[in-house]
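Whatever order the structure lists them in is the order used to number ligands and atoms, beginning at 1.
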Amino acid sequence: MSEEINTFGELNLNSWIVKQCSLIGVKKPTPIQKNCIPRILAGDDCIGCAKTGSGKTLAFVLPIVQKLCEDPYGIFALVLTPTRELASQIGEQFTAIGKPINLKTCVVLGGMDMMTQAQELSKRPHIVVATPGRLADHLESCDTFSLNKLKFVVLDEADRLLGGDFDEQIKTIFSALPKQRQSLLFSATMTDALEQVKQVARNNVFQFEDDDDS
Ligand code: ADP
Ligand code: MG
């Protein structure tokens with residue numbers, strides 16, 4: 001479908017976002033980016049499966065930042081990921097791309113002080129990137145922290161988040177989300193748990209096998 005696309009501009013991303021990409025050395029979209037970005041911009045749920053290193057982070061960061069410019073009220077997007085290291089890296093990508101609009105990203109990790117984090121969350125960040133356990137703790141302990149205006153939820157490394165140890169925490173978090181939202185799932189592998197939620201994304205399930213560089 002999208003083999004001829006060679007630039008981010010052709011994916012209907014704003015020129016300032018394309019410029020931010022080139023500032024971080026990213027010029028030509030990868031296959032997962034070519035397929036997911038237009039669907040996310042169009043308002044669809046989406047599941048993207050591609051090997052580690054294929055650029056799944058920007059596949060959701062870029063369209064979310066673009067959409068945020070249209071309607072920046074309350075916490076706009078929540079990204080869940082299994083490890084602190086991944087959460088920090090995702091937070092950095094949002095910060096790098098969103099610099100010209102002063103995008104505020106809050107990274108919520110286990111091991112950090114709860115009170116300090118609660119203060120950061122109360123400053124109304126646009127994006128919250130979190131590990132599930134710590135975010136569930138905040139939702140359960142803090143009445144003022146709310147995700148009810150959220151427009152996007154992203155499960156990054158969804159294969160590791162679904163169908164295992166995180167299930168209880170994910171359930172707590174999803175019960176705090178508005179029904180009207182876009183759900184985006186990214187994973188290196190298609191697991192049984194992911195197969196089960198495939199229908200939410202209808203036709204927007206993009207799977208790339210190893211070494212697919214088209
Ligand atoms: P994944 O989540 O699929 O494992 P990442 O999103 O972490 O992969 O991206 C891996 C690396 O590739 C990062 O350093 C990122 O900045 C870089 N990258 C992402 N998209 C592109 C692109 N279109 N061109 C070049 N490098 C890219
Ligand atoms: Mg990743």
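- Between the side chain of Thr116 and the backbone N or O of Met112, no donor-acceptor pair lies under 3.5 Å.
- On a distance-only criterion, Gly53 and ligand 1 share at least one N/O pair closer than 3.5 Å.
- Side-chain atoms of Gln117 come within 3.5 Å of backbone N or O of Leu109 as a donor-acceptor pair.
- Under the 4.0 Å distance rule, the nearest protein heavy atom to atom 11 (C) of ligand 1 falls outside the cut-off.
- In terms of protein heavy-atom proximity, atom 16 (O) of ligand 1 is nearest to Gln93 NE2, 3.9 Å.
- Contact annotation for Phe8 and ligand 1: only side-chain heavy atoms (C-beta onward) come within less than 4.0 Å of the ligand.
- Evaluation of the side chain to side chain donor-acceptor pair (under 3.5 Å) rule for Gln182 yields no partner, not counting sequence neighbours.
- Aromatic ring orientation, Phe145 versus His138: perpendicular (interplanar angle above 60°, classes split at 30° and 60°).
- Leu177 and Val128 end up in the same hydrophobic cluster when Ile, Leu, Val, Met, Phe, Trp and Tyr side chains are linked at under 4.5 Å.
- When atom types are taken as modelled, the side chain of Asn14 and the backbone of Ile17 share no donor-acceptor pair closer than 3.5 angstrom.
- Of all the atoms in ligand 1, the ones that sit under 4.0 Å from a non-hydrogen atom of Thr52 are 4 (O).
- At a 3.5 angstrom cut-off on N or O pairs, Asp156 does not count as close to ligand 1.
- Judged by distance alone, the side chains of Ser88 and Glu85 never bring a donor and an acceptor atom under 3.5 Å apart.
- Evaluated by nearest non-hydrogen atom to atom 7 (O) of ligand 1, the leading choice among Ile24, Thr30, Thr57 is Thr57.
- Counted within 6.0 Å of CG on Asp165, heavy atoms from surrounding residues, nucleotides or ligands total 12 or fewer; the atom is thus considered open.
- Applying the 4.0 Å criterion to heavy atoms of Ser54 picks out, from ligand 1, the atoms 1 (P), 3 (O), 8 (O).
- At least one heavy atom of Lys51 lies less than 4.0 angstrom from ligand 1.
- Separating the CG atom in Leu68 from the CD1 atom in Ile97 is a distance of 13.0 Å, to the nearest 0.5 Å.
- Taking distance alone, with nitrogen or oxygen atoms compared against 3.5 Å, Lys28 approaches ligand 1 more closely than that limit.
- Nearest protein heavy-atom contact of atom 3 (O) of ligand 1 is Lys56 NZ, 2.8 Å.
- Counting only heavy atoms, the protein never gets under 4.0 Å from atom 14 (O) of ligand 1.
- Here the heavy atom of the protein found nearest to atom 20 (N) of ligand 1 is Gln33 NE2, 2.9 Å.
- Listed by first then second residue, pairs satisfying side chain to side chain donor-acceptor pair (under 3.5 Å) with a partner in residues 91-112 number zero, not counting sequence neighbours.
- With ligand atoms numbered from 1 in the order given, ligand 1 contributes 21 (C), 22 (C), 23 (N), 24 (N), 26 (N), 27 (C) to contacts under 4.0 Å with heavy atoms of Val26.
- Between Gly55 and ligand 1, an N or O atom pair is found at a separation short of 3.5 Å.
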